[in-house]
Every structure is written in C-alpha cells, then in structure tokens.
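Each residue takes its place number in the sequence, starting with 1. Whatever order the structure lists them in is the order used to number ligands and atoms, beginning at 1.
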Amino acid sequence: MKYISTRGGIAPISFKEAVMMGLATDGGLLLPENMPQVSDETIQAWRGMSYPDLAHDVMSLFIDDIPAGDLKDLVDRSYSTFTHPEVVPVVQKGDVYIMELFHGPTLAFKDVALQFLGNVFEYLLKESGEKMNILGATSGDTGSAAIYGVRGKDRINIFIIHPHKRVSAIQELQMTTVTDDNVFNMAIRGTFDDGQAIVKTLFNDIPFKEKYHLGAVNSINWARILAQVVYYIYSALKLTPDDGMVDFSVPTGNFGDIFAGYVARKLLPGSIRNLVLATNENDLLTRFVNNGEYSLGKVVQTTSPSMDIQLASNFERYLYFLYDRNAERTRGSMEEFSKTGKLLFSKTEQDRIRSEFSTRSVDQKETLETISAFFKETGYVLDPHTAVGVSGGLARLEKGIPMICLSTAHPSKFGAAVEEAIGRPPEMPSSLQGLENKETRCKVLDADVQQIKEFVTQNAL
Ligand SMILES: *Cc1c(COP(=O)(O)O)cnc(C)c1O
C-alpha cells in the first residue's frame, strides 16, 4: 500500500515513510492511495478474533513494508499494557452500548493509538539507526498518552510543554511522575496556546528541526488513525455475530476519531451504518454538517476540555473524499480557508455530508444532565466527553440497530464535573491512586522560545 498527500504534492510513499513524515511535506495529510476491499470470507474470519489478532489483520491491509511477525509483535506489545483482557470491552447499558476505550495506561482513548505509534517509532529508528526528539504541547490528555507511548524507549526523547498549573492536578501528575531518563516535562508560565505557538516556531526553524530530528505525535499521523480503525471493526462485528448493522456515536474534536470510523465503514459497508458526530459547544463540525459551512469560531471552555477545539486537524482528510479525491481542489480549498477562515459547500455536497454523518452539539448543562440521568438509570458513570457522545447517540437511536457510544476517558480523569453531576466523586482506578506521593520531574520555564530551545538543546539526543 502506498500513501499520497491530500494536496497531491508528493510522490507515493510507503507506510514506514508515511509514519516518519507525519504531516505531508506539501502541507497536506497522508492517506492510503486506495481503500482495500474486504471479502466476505475475511469478515467471517475476523468475527470472534481477539483484539490484537484483529488489529494485526486489519493493519496488514495498510502496511506491506513491515514483516508480519514483526507487526504482530508490535501490536501485541502495544495492547499488553491495557488492563482489560478484551482491551476495548463493549458493555450494554440502558438503551446503548458503551465501548470502553480507556483501559490503557493514561485512561483515555488516545492510548489505543499512541501505545502503537511509540512502538512503531522505536522499531523504525532501530532499523534506520536514527534518533528522534519528540516535541509537543498539550492541554492535558495528548501529552500524557504520548509520554506513556515512548517512555523508556531507545533512540527517542520526548519533550512535552504544558501550561503551568492550568491542567488538572491528575493530568499534571500523570505527566510529571514519569521520571524515565528520556522524558522531559516543561511547564510554562503561560497558556496552552503559548505552548503551541512555541512548538510551531521551533518546527519552522528548519536548521534546528533537522539538527535535532524533531518529531511530532499529533493526531495527523496516519498510524494513529489506522490504530483507531480497528476498534470500530472489532465492536461492529462483535455486536453482529451473524449479520446486521450497527451505528456509532463519537465525541469529536479534531475529526480524528470519527474519521477512523469513516475509514472503518469503507472497509465494512455492510456492518456499519450511521456515524453520529457529537461535539460540545465548540460546534465547528456540527455547523459544517448542518449548515454546509466550515468556519472558525471562538474556543469556549467546557467540562469536556479535550474537545475544546475550533480547528479540526483531520478535517482535510474527509474533504479529500468529499471532493472525490481531487487533490487540486483540496489544496485550493485549504489555501482559501487559511486566508478567509471559511469554506462553503454546495447543496449537492451538503446532501452528501448529511448522508454520511448525523450530528449533535451538546452543551454543558445537557452533558451534566446526561451523566446524572444515565447514572440513575443504569448505575454507570460516564465521563463528560463520553456523555456528549451518549447524548448524541440517544437522540439518534433507531429500533433494532445497536448504538455503540465510544467512551473516550475514564470518569475519574474529569472527576470534578462528574461529582457535580452525580453528587459524589467517581471511583479512582488503582493506577491513579497514590500518584501524589510519587517522585515528580518537571522544568518550569517562561513562555519564551529561547528558554525552551535551550532546554531542548541541553537534553536532546
Ligand atoms: C482527544 C479526545 C477526544 C477527541 O478526539 P478527536 O480525535 O480529536 O476527535 C475526545 N475525548 C477525549 C477524552 C479525548 O482525549
């Protein structure tokens, strides 16, 4: 399988090259050149497979330059860190099914992709003899999942910037209690946006970027999307043992997770029906589907902070398909968007978008009400992100079709909002207990490019 850019500016490259490239060098996003066809026999064989076995088989359709035995080993190691034997169990609660994606080391769904990406990076760097210094800024979840993805790995150092005292206490501890030699936490006296701006400046400093082999772990890496495709297929086949369709509801920010569902549906069109795109008040994507307008709004802070996003970094991948793989047009639209902050879609395109996604924007009041009502009805505690998806799923329920709601975080990660909804704090899983007594390591710096650059230079591989 070869990979191309949504903007058409690169010659086709292999999977390994696509992983190391991250963002395409022409500014676009990487996608497989074509979508594999999955035969009925293959689907039959997939039913009942364990999660790691299925992950290997699905990924093999998209990866032909890593030997099967090596890929199996990478996948097995990536999911052996999950504490549930099924890796991503699906439980029926009330009228919906909840797919629990939070049994990885940092208790959020990003582990599913970043445990795998960390292992793939290490494998490829060993093969090439190169090294990498990962640099990123986080508002909480991505940073800890990335740190846990590469802690202790050879040939990789990771530098994660978070805004000092502006992430939750648990999120801060999840990052700073990782004291492996290759992990460097930087807390800056500033905001998440300051951190992101510094990272962007350093990635644009080409001599610096090349000298230190800077790498990124944001959700534009194709390997992350690919790892996420697997759980859609796993749960769809699990709930349709012989035949039939399922719907999914996905709490979305960057369009990454729901785009993985879109790819899964291309592989299994006979099993996956509706994709419900659920957002919080940051409703860029619901406005896109409902009004045919993709336009920047102001970021609102909510109780589901990992979806407080007004620029969906994976949107361009869907746009490319919406334009029937016309890279020229995709490039033109993205250029227009960067100038005007706005894209408009024709009536025909709007009809197509609405046939591919249902939507729901769920405000904070409704989110807390969903947590509370769901708890009363089923005794099950939802985190606020998951509650946004469950609210969307309940609104789109259809008789006879299982609705699978993706649970993207364990409720204890967002305990304050949960306590407000149900009147008591959620139970702490053992991995979070006693964190406050552990040794921590973190460098506090000003929100200043020079200070960050110096710190990275001193500690880079
Ligand atoms: C990142 C995140 C999301 C949003 O995922 P996208 O891929 O950006 O759509 C939802 N919930 C939680 C808990 C997250 O960490």
*Could you label the plane-to-plane angle of the His84 and His103 rings as parallel, tilted or perpendicular, counting under 30° as parallel and over 60° as perpendicular?*
tilted
*asked:* Holding to side-chain hydrogen bond (donor to acceptor under 3.5 Å, both in side chains), I want the full list of residues that pass it with Ser407, two or more places apart in sequence or in another chain.
replied: Thr386
_ring pair (Phe, Tyr, Trp, His ring centres under 6.0 Å) against Phe321, all qualifying residues, sequence neighbours excluded_ = Tyr262
_Tell me whether the NZ or CZ atom of Arg151 lies within the 45° cone about the ring axis of Tyr148 and under 6.0 Å from its centre._
yes
_Contact between Leu237 and Leu268 at the side-chain level, heavy atoms closer than 4.5 Å - yes or no?_
yes
_Phe159: partners by ring pair (Phe, Tyr, Trp, His ring centres under 6.0 Å), with sequence neighbours left out_ = Phe184
_Please output the residues near ligand 1 using a strict heavy-atom distance under 4.0 Å, listed in chain and residue-number order._
Phe109, Lys110, Asp141, Pro251, Thr252, Gly253, Asn254, Phe255, Gly256, Asp257, Ser306, Met307, His385, Thr408, Ala409
